[in-house]
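All residue numbers in this chain count up from 1 along the given sequence.
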Amino acid sequence: MDSGRFETFMDAILAIMMTVMVLKIPQPETLSLEGILSLRHLYFAYAVSFITLFSVWDHHRRLFAMVDEINNRVVWVTSLLIYVLTFFPYFTAWVAHYPNELVPELCFGLIFIIVNVLYVYSTRIVIKYDVHNADIQEVNFRELSLINFIVLIAGFVLSIMGLPNVMMIACFITIITWNIIPYIKKTYYVGDNNGN
């Protein structure tokens, strides 16, 4: 099956989610720096979620650029990832409005763990299906997955111990690892030699 239609579907869903998230941010009550700063938790939660959604889109864009065909298993596993990603606007709004509450922070962190697991699994399914593609066989997530898992578990533990805001910071750190460490370590590279 050609991957083009599925890529277009995923692009549209992610674009809608990014738009919906920004619509959940209210205007400042007062037209002052203090009014803008009062929404800093909303802005930070939106930024973390937006970068996450963009990162998933970017990594999938580069991955599917190397794949000629996909099967139904790839479609269903990636659709499950998209399903979990559709919860980002909801949990972003929840954690942004209650930044010092444990349950919203833990739920936000749980979404990050599920997205990390499903992203790695969906990529492995693509690699397994396209077994004769030498370019795609070099994709490796082991170290990165372990680092992200440790960071998110540490965020959970510290949040439960009374520092709920640490969960959002842990999620932010995992975004950095997904987007910076692979290029430094050269353990994961999707795209041509120009970084496209």
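Note on Val20 and Ile82: separate hydrophobic clusters, where clusters join Ile, Leu, Val, Met, Phe, Trp and Tyr whose side-chain heavy atoms are under 4.5 Å apart, directly or indirectly. Under a hydrophobic-cluster definition in which Ile, Leu, Val, Met, Phe, Trp and Tyr are linked whenever side-chain heavy atoms come within less than 4.5 Å, directly or via other members, Tyr90 and Ile16 are assigned to different clusters. Each of Trp76 and Val115 belongs to its own hydrophobic cluster when Ile, Leu, Val, Met, Phe, Trp and Tyr are linked at side-chain heavy-atom distances under 4.5 angstrom.
At least one side-chain heavy atom of Ser55 sits under 4.5 Å from a side-chain heavy atom of His59. Counting heavy atoms from C-beta on, the side chains of Tyr121 and Leu81 never come closer than 4.5 Å. Residues Trp94 and Val103 have side chains in contact (heavy-atom distance under 4.5 Å, counting atoms from C-beta outward). Residues Val117 and Phe149 have side chains not in contact (no heavy-atom distance under 4.5 Å, counting atoms from C-beta outward). Residues Phe172 and Ile176 are in side-chain contact: their nearest non-hydrogen atoms beyond the backbone lie under 4.5 Å apart. With a 4.5 Å cut-off on side-chain heavy atoms, Ser159 and Leu102 count as touching. Residues Ser49 and Phe108 form a side-chain contact, since some pair of their non-hydrogen atoms from C-beta on lies under 4.5 Å apart.
The neighbour count for Phe44 CZ, taken as heavy atoms of other residues, nucleotides or ligands under 6.0 Å away, is above 12. Within a 6.0 Å sphere centred on CG of Leu23, heavy atoms belonging to other residues, nucleotides or ligands number more than 12.
The structure places CG of Asn148 at 3.0 Å from OG1 of Thr177, a figure rounded to the nearest 0.5 Å. Expressed to the nearest 0.5 Å, how far CD1 of Ile150 lies from CG of Leu146 amounts to 4.0 Å. Once rounded to the nearest 0.5 Å, the distance linking CG of Leu152 with CD1 of Ile113 reads 5.0 Å. With rounding to the nearest 0.5 angstrom, the CD1 atom of Ile125 is 11.0 Å from the CG atom of Leu118. Atoms CG and CE, on Leu106 and Met167 in that order, are 7.5 Å from each other to the nearest 0.5 Å. In this structure, Thr52 OG1 and Trp57 CH2 are separated by 15.0 Å, a value rounded to the nearest 0.5 Å.
A donor-acceptor pair is defined here as one N or O able to donate and one able to accept, closer than 3.5 Å; such a pair exists between the side chain of Thr174 and the backbone of Cys171. Here the side chain of Glu105 pairs no donor or acceptor atom with the backbone of Asn100 at under 3.5 angstrom.
Here the two rings, on Phe88 and Phe50, have centers that are 6.0 Å apart or farther. Here the two rings, on Tyr119 and His60, have centers that are under 6.0 Å apart.
Under the side chain to side chain contact (heavy atoms under 4.5 Å, CB included) criterion, Phe87 pairs with Tyr83, Phe91, Ile111, not counting sequence neighbours. In terms of the side chain to side chain contact (heavy atoms under 4.5 Å, CB included) criterion, residue partners of Tyr43 (sequence neighbours excluded) are, by chain and number, Ile25, Pro28, Ile36, Leu39.
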- From CA spacing to verdict: side chain to side chain contact (heavy atoms under 4.5 Å, CB included), Val56, Trp178: CA-CA 9 Å; Val56 169; Trp178 270 111; over 6 Å; no
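Contact between Phe54 and Met18 at its shortest, heavy atoms only, is N-CE, 3.3 Å. The two residues Thr78 and Met10 have their closest heavy-atom pair at CG2-SD, 4.2 Å. Residues Thr19 and Ala15 share a closest heavy-atom pair of OG1-O, 2.9 Å. Contact between Ser38 and Gly35 at its shortest, heavy atoms only, is OG-O, 2.5 Å. Nearest heavy-atom pair across Met21 and Thr92 is SD-OG1, 3.7 Å.
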